[in-house]
Engineer: 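Structure incoming, see below.
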Amino acid sequence: MAQAHFSSSSDFVREIIEEHMKTNRFQGRVATRFPPEPNGYLHIGHAKSVCLNFGIAAQYGGTCNLRMDDTDPSGESLEYVESIINDVRWLGFDWEDRLFYASDYFEQLYQCAVRLIKNGNAYVCSLSADEIRERRGTLTEPGKESPYRNRSNEENLHLFERMRAGEFEDGTHVLRAKIDMASPNITMRDPVLYRIKRATHYRTGGQWRIYPMYDFAHCLSDSIEKITHSICTLEFENNRPLYDWILDQLKLDSHPRQIEFARLNLSYTVLSKRRLIELVGKGSVTGWDDPRMPTIAGMRRRGYTPDAIRNFCDRIGVAKNDSLIDMALLEHCVREDLNERAPRVLGVLRPLRLVIDNYPEDQVEEFECFNHPQNSAMGSRKVPFSRVLYIEQDDFQENPQRKFNRLGPGREVRLRYSYIIKYASMVKDEQTGEITEVHCTYDPETRNAPPPDGRKVEGVIHWVSAEHSISAEARLYDRLFQVANPLGEEGDFTKYLNPKSLERIDSCRLEPSLKGAAPGSRYQFERLGYFCVDPIDSSPGGLVLNRIVTLRDSWTKVASRENK
RNA sequence: UGGGGUGUCGUCAAGCGGUAAGACACAGGUCUUUGGAACCUGGACUCGGAGGUUCGAAUCCUCCCACCCCAGCCA
């Protein structure tokens with residue numbers, strides 16, 4: 001196993017494994033698997049499972065297989081398979097030659113079903129879906145046995161063969177396990193093992209007319225692959241007795257231990273494949289890879305790093321509590337990683353013209369700027385400076401509010417890496433009253449150095465040279481939903497979509513070094529946040545930057561408090 | 001109402017009978033040519049509740065309460 005992302009802390013799953021190692025239950029072997037159904041894109045919740053399964057395998061010197069759990073032809077496709085492969089690999093995991101498909105086991109699975117029938121453990125039921133439901137009983141009442149429950153083994157076998165041969169229409173017959181219609185666990189009330197679906201499977205085509213159900217296919221796939229620990233989410237806890245029952249009836253040597261953990265929930269988004277499909281289908285987002293989506297593809301496009309996501313998965317822990325993780329933790333992990341690796345640059349999102357009255361008209365200076373304030377190994381670059389600059393609109397207030405440490409009438413500020421400037425005057429649009437230009441004077445003695453007289457200025461602001469800067473579009477993303485738990489609120493969850501989750505600004509000005517920035521490359525725009533060159537919409541002629549995450553910003557906190 | 005789970009700081013989460021880790025968030029502070037980063041400090045007199053066992057309980061026992069999952073020919 002190439003990767004070595006060991007979890008720093010232990011958890012109950014690892015404790016169980018430790019115990020198995022001690023008692024030699026699996027001869028010291030650890031084999032896990034990540035078994036997605038290829039009917040949608042992977043999201044951050046899947047990443048938790050990927051990290052758990054691959055992480056455990058690596059930690060115990062075992063293996064982790066990637067397995068497509070493709071037992072239901074409707075909705076599954078090659079596109080999804082490819083996206084899953086791509087995403088797991090991008091996250092940094094390697095399954096070597098162990099990419100498997102449940103659909104490759106269809107013949108073996110069929111033979112297992114035949115054995116079950118021969119042993120009198122399964123029967124063909126010819127009730128309709130509705131009739132089966134009616135007889136299943138309720139939470140408090142036992143179910144009723146199917147009238148077909150006592151067909152002879154021969155008849156069952158014959159019928160099952162004919163099901164496979166495609167002699168029956170969808171829904172006319174199913175294969176059921178013969179267990180206990182009175183079981184308090186509804187899963188054990190003669191569960192359906194096979195159904196007829198005359199649908200084309202993306203891999204097996206028209207080869208099969210019957211398809212195994214999850215409960216039948218999953219435990220057997222695990223057993224075939226000699227998985228030792230079958231890690232899944234909490235909602236399958238009720239299915240564990242059936243998982244064990246099937247393997248026990250078939251007397252299979254390889255009998256994995258199923259362990260269930262709590263799935264991830266993240267605040268201000270939804271992590272349910274069905275809901276995400278809905279968002280994509282309704283056009284609420286631009287696609288699976290919309291940077292606002294909690295999908296791996298979306299996060300990748302947004303600019304999140306695999307390291308940040310893996311670190312996040314490590315920090316949230318593994319337990320059995322239903323939890324709702326604060327999005328702030330994910331953002332923290334992203335900032336933590338990007339703070340270290342992203343080169344700093346200057347860029348202005350909403351430009352305000354600033355003229356330095358006493359700076360020579362045609363003079364251009366170049367300032368040496370560090371690419372990283374704490375890491376000199378990342379080098380430096382030269383940024384041109386001239387008489388006319390752009391600064392951030394937010395960095396000037398005509399009547400500065402309390403604690404506003406930026407530019408305003410009568411004030412002095414430092415232009416990052418260059419001079420201290422002093423306010424002189426402003427120009428307003430006569431119609432709108434909007435400030436269109438600010439005039440200042442500069443102090444030549446403060447050229448990228450402290451003022452000789454030691455005076456303090458209001459603060460430091462960023463800038464670009466008007467003439468030398470390049471234009472770009474910025475896409476500022478915010479949380480997808482307005483409420484922490486959209487699925488926990490009244491009514492349709494899409495009601496709570498955040499209408500301001502995307503703001504496009506097409507008039508940004510950036511320092512010229514960004515010209516030709518590679519798609520996917522990430523930068524910190526000083527004082528603003530981390531941005532990623534959009535891998536799809538950006539072009540050499542039209543830079544498009546996705547805001548990955550803002551910098552931690554103590555000013556907006558102060559400002560909102562001051563405004564109360 | 002049957003069965004299966006879970007309840008420890010705002011959010012996660014350690015703890016496994018010896019007197020409540022850590023992280024994020026939050027609040028103060030130091031430093032700073034990013035209101036960034038870094039660094040320091042603060043916070044659960046208490047572990048869903050009530051009883052009980054014990055010298056000692058978040059940890060063991062009893063009862064109660066709350067929340068989640070299960071009645072797809074989805075996974």
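Within every chain, numbering begins at 1; the chains are lettered A, B, ... in the order of the sequence lines, protein sequences first and strands thereafter.
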Engineer: Please tell me if A/Thr71 has a side-chain N or O lying less than 4.0 Å from either OP1 or OP2 of B/A75.
Structural biologist: yes
Engineer: P atom, B/G29 versus B/C67: distance in rounded Å?
Structural biologist: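 Their P atoms lie roughly 42 Å apart.
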Engineer: Considering every strand and a 4.0 Å limit on heavy-atom distances, what is the contact class for A/Asp69: base, sugar-phosphate, or nothing?
Structural biologist: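 It contacts sugar-phosphate atoms only.
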Engineer: Under 4.0 Å between any heavy atoms, over every strand shown, what does A/Val413 touch: base, sugar-phosphate, or nothing? Just pick one.
Structural biologist: nothing
Engineer: How far does the C1' atom of B/G48 sit from the matching atom of B/A58, given to the nearest Å?
Structural biologist: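 Pairwise C1' distance, B/G48 against B/A58, rounds to 12 Å.
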Engineer: For B/G17 versus B/A57, give the span between their P atoms, rounded off to a whole number of Å.
Structural biologist: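 Straight-line distance between the two P atoms is 14 Å.
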Engineer: Looking only at atom C1', what distance separates B/A14 and B/G52, rounded to whole Å?
Structural biologist: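 B/A14 and B/G52 have their C1' atoms separated by 28 Å.
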Engineer: Rounding to a whole Å, what distance do you find between A/His332:NE2 and B/A37:P?
Structural biologist: 10 Å
Engineer: Could you give the distance from CZ (A/Arg151) to NZ (A/Lys178), rounded to the nearest 0.5 Å?
Structural biologist: 11.0 Å
Engineer: Under a 4.0 Å heavy-atom cut-off, which of residues 32-42 of chain A touch RNA chain B?
Structural biologist: A/Glu37
Engineer: Measuring from atom SG of A/Cys313 to atom CD1 of A/Ile44, what distance do you get when rounded to the nearest 0.5 angstrom?
Structural biologist: 5.0 Å
Engineer: Sort out the partner of B/G51 for me: Watson-Crick or G-U wobble, both distances under 3.5 Å, none otherwise.
Structural biologist: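 Pair assignment: B/G51 / B/C61.
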Engineer: Any idea if B/G72 is syn or anti, going by the 90°-from-0 cut?
Structural biologist: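 Syn for B/G72; the angle stays within 90° of 0.
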Engineer: Per the atom types in the model, does the base of B/C69 pair as donor or acceptor with the side chain of A/Glu260 at under 3.5 Å?
Structural biologist: no
Engineer: Students often get this wrong, so: under 4.0 angstrom with heavy atoms, is A/Gln524 touching a base, only sugar-phosphate, or nothing?
Structural biologist: base
Engineer: From the options B/G36, B/G35, B/U33, select the nucleotide whose nearest atom is closest to the side chain of A/Arg414.
Structural biologist: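 Per side-chain heavy atoms of A/Arg414, the pick is B/U33.
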Engineer: A/Ala449 near the nucleic acid: base, sugar-phosphate alone, or nothing, with a heavy-atom cut-off under 4.0 Å?
Structural biologist: base
Engineer: Compute the centroid of each ring, for A/His201 and then for A/Phe106, and state whether the two points are separated by less than 6.0 Å.
Structural biologist: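 Yes, close enough.
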Engineer: Mind telling me whether B/C45 is syn or anti, cutoff 90° either side of 0?
Structural biologist: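 It is syn.
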Engineer: How would you label the contact of A/Pro142 with the nucleic acid (heavy atoms, under 4.0 Å): base, sugar-phosphate, or nothing?
Structural biologist: nothing
Engineer: Categorize A/Ile420 for me: base, sugar-phosphate, or nothing, with a 4.0 angstrom heavy-atom threshold over every strand shown.
Structural biologist: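 Nothing: the residue A/Ile420, judged by heavy atoms under 4.0 Å, touches no strand.
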Engineer: What does A/Gly459 touch in the nucleic acid at a heavy-atom separation under 4.0 angstrom: a base, only the sugar-phosphate, or nothing?
Structural biologist: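 Answer is nothing: A/Gly459 stays at 4.0 Å or more from every strand.
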Engineer: Which part of the nucleic acid, if any, lies within contact of A/Ala129, taking any heavy atom under 4.0 Å across all strands shown: a base, the sugar-phosphate backbone alone, or nothing?
Structural biologist: base
Engineer: Would you mind reading off the distance between A/Gln401 atom CD and B/G35 atom P, rounded to a whole angstrom?
Structural biologist: 15 Å
Engineer: Check whether any side-chain N or O of A/Ser323 sits under 3.5 Å from a backbone N or O of A/Ile325 as a donor-acceptor pair, and report yes or no.
Structural biologist: no
Engineer: Please state whether the phosphate of B/G7, meaning OP1 or OP2, lies under 4.0 angstrom from any side-chain nitrogen or oxygen of A/Asn321.
Structural biologist: yes
Engineer: May I ask you to check if A/Arg33 and A/Phe100 form a cation-pi contact, with NZ or CZ under 6.0 angstrom from the six-membered ring centre and within 45° of the axis?
Structural biologist: no
Engineer: Given that both distances must come in under 3.5 Å, which nucleotide forms a Watson-Crick or G-U wobble pair with B/A25?
Structural biologist: none
Engineer: For A/Leu242, answer base if it contacts any base atom (sugar-phosphate contacts may also be present), sugar-phosphate if it contacts only those atoms, and nothing otherwise; contact means non-hydrogen atoms under 4.0 Å.
Structural biologist: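 Counting heavy atoms under 4.0 Å across all strands, no contact is made by A/Leu242.
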Engineer: Remember a base hit wins even if backbone is also touched, and classify A/Ser554 as base, sugar-phosphate or nothing at under 4.0 Å, heavy atoms.
Structural biologist: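 Sugar-phosphate, no base atom in range.
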Engineer: Ignoring hydrogens and geometry beyond distance, is the side chain of A/Arg527 in donor-acceptor contact with the base of B/U34 at under 3.5 Å?
Structural biologist: no
Engineer: Looking at A/Lys320, does any N or O in its side chain come under 4.0 Å of the phosphate oxygens OP1/OP2 on B/C68?
Structural biologist: no
Engineer: Quick one: the side chain of A/Asn185 and the base of B/G4, do they pair up donor-acceptor inside 3.5 Å?
Structural biologist: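 No, the side chain and the base share no sub-3.5 Å donor-acceptor pair.
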Engineer: Side-chain contact, heavy-atom cut-off 4.5 Å: A/Thr269 with A/His43?
Structural biologist: no
Engineer: Base, sugar-phosphate, or nothing for A/Val192, non-hydrogen atoms under 4.0 angstrom?
Structural biologist: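 It contacts sugar-phosphate atoms only.
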Engineer: Considering just the side-chain nitrogens and oxygens of A/His462, establish if one lies under 4.0 Å of OP1 or OP2 belonging to B/U34.
Structural biologist: no
Engineer: Please measure how far the P atom in B/C68 lies from the corresponding atom in B/G51, and state the result in whole Å.
Structural biologist: 28 Å
Engineer: Go through it in stages, so that I can follow the logic: the residues are A/Thr446 and A/Asp443, the test is side-chain hydrogen bond (donor to acceptor under 3.5 Å, both in side chains), and I'd like the CA-CA distance, side-chain angles, deciding distance and then a yes or no.
Structural biologist: CA-CA 6 Å; A/Thr446 60; A/Asp443 178 353; 4.6 Å; no
Engineer: Ignoring hydrogens and angles, answer whether the base of B/G3 and the side-chain atoms of A/Glu237 contain a donor-acceptor pair closer than 3.5 Å.
Structural biologist: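 No such pair is found, so the answer is no.
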Engineer: For the rings on A/Phe236 and A/Tyr214, is their centre-to-centre separation under 6.0 Å?
Structural biologist: yes
Engineer: Say you pick atom C1' in B/U19 and the same atom in B/G42; how far apart are they, in whole Å?
Structural biologist: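 It comes out at 23 Å once rounded to the nearest Å.
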Engineer: How is A/Arg344 classified with respect to the nucleic acid when contacts are heavy atoms under 4.0 Å: base, sugar-phosphate, or nothing?
Structural biologist: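 Base, at least one base atom sits under 4.0 Å.
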Engineer: Could you walk me through whether A/Arg135 and A/Asp190 pass the salt bridge (charged side-chain N to carboxylate O under 4.0 Å, His left out) check?
Structural biologist: CA-CA 10 Å; A/Arg135 286 158 202 258; A/Asp190 289 11; over 6 Å; no
Engineer: Under 4.0 Å, heavy atoms only, any strand: does A/Lys197 hit a base, just the sugar-phosphate, or nothing?
Structural biologist: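 Result for A/Lys197 = sugar-phosphate.
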Engineer: Just the rounded figure in Å: distance from P of B/C70 to CD of A/Glu235.
Structural biologist: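 The distance from CD of A/Glu235 to P of B/C70 comes to 8 Å, rounded to the nearest Å.
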Engineer: Need to verify one output field. Residue with the more 5' nearest nucleotide on RNA chain B, A/Thr140 or A/Leu415?
Structural biologist: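 Nearest-nucleotide comparison on RNA chain B picks A/Thr140.
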Engineer: Between B/C31 and B/G15, how far apart are the C1' atoms? Round to whole Å, please.
Structural biologist: 37 Å
Engineer: Within less than 4.0 Å of OP1 or OP2 of B/C73, is there a side-chain N or O belonging to A/Arg136?
Structural biologist: yes
Engineer: Work out how far the P atom of B/U1 is from that of B/C64, and round it to whole angstrom.
Structural biologist: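 B/U1 and B/C64 have their P atoms separated by 12 Å.
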Engineer: Below 4.0 angstrom from OP1 or OP2 of B/A75, is there any side-chain N or O of A/Arg195?
Structural biologist: yes
Engineer: Take A/Phe160 and A/Tyr194 through the ring-ring contact (aromatic ring centres under 6.0 Å, His included) test and state the conclusion after the steps.
Structural biologist: CA-CA 9 Å; A/Phe160 191 49; A/Tyr194 267 91; 5.3 Å; yes
Engineer: Which one, B/U34, B/A25, B/A75, comes nearest to the side chain of A/Ala328?
Structural biologist: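 Closest nucleotide among those given: B/A25.
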Engineer: Would you please indicate yes or no on a ring centroid separation below 6.0 angstrom for A/Phe367 and A/Phe385?
Structural biologist: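 Between A/Phe367 and A/Phe385, which both carry aromatic rings, the centre distance is below 6.0 Å.
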Engineer: Hey, does the side-chain of A/Arg406 have a donor or acceptor N/O within less than 3.5 Å of a partner on the base of B/G35?
Structural biologist: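 Yes, the side chain and the base share a sub-3.5 Å donor-acceptor pair.
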Engineer: Contact class for A/Arg552 vs. all strands (heavy atom < 4.0 Å): base, sugar-phosphate, or nothing?
Structural biologist: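 Sugar-phosphate contact only - A/Arg552 comes under 4.0 Å of backbone atoms but never of a base.
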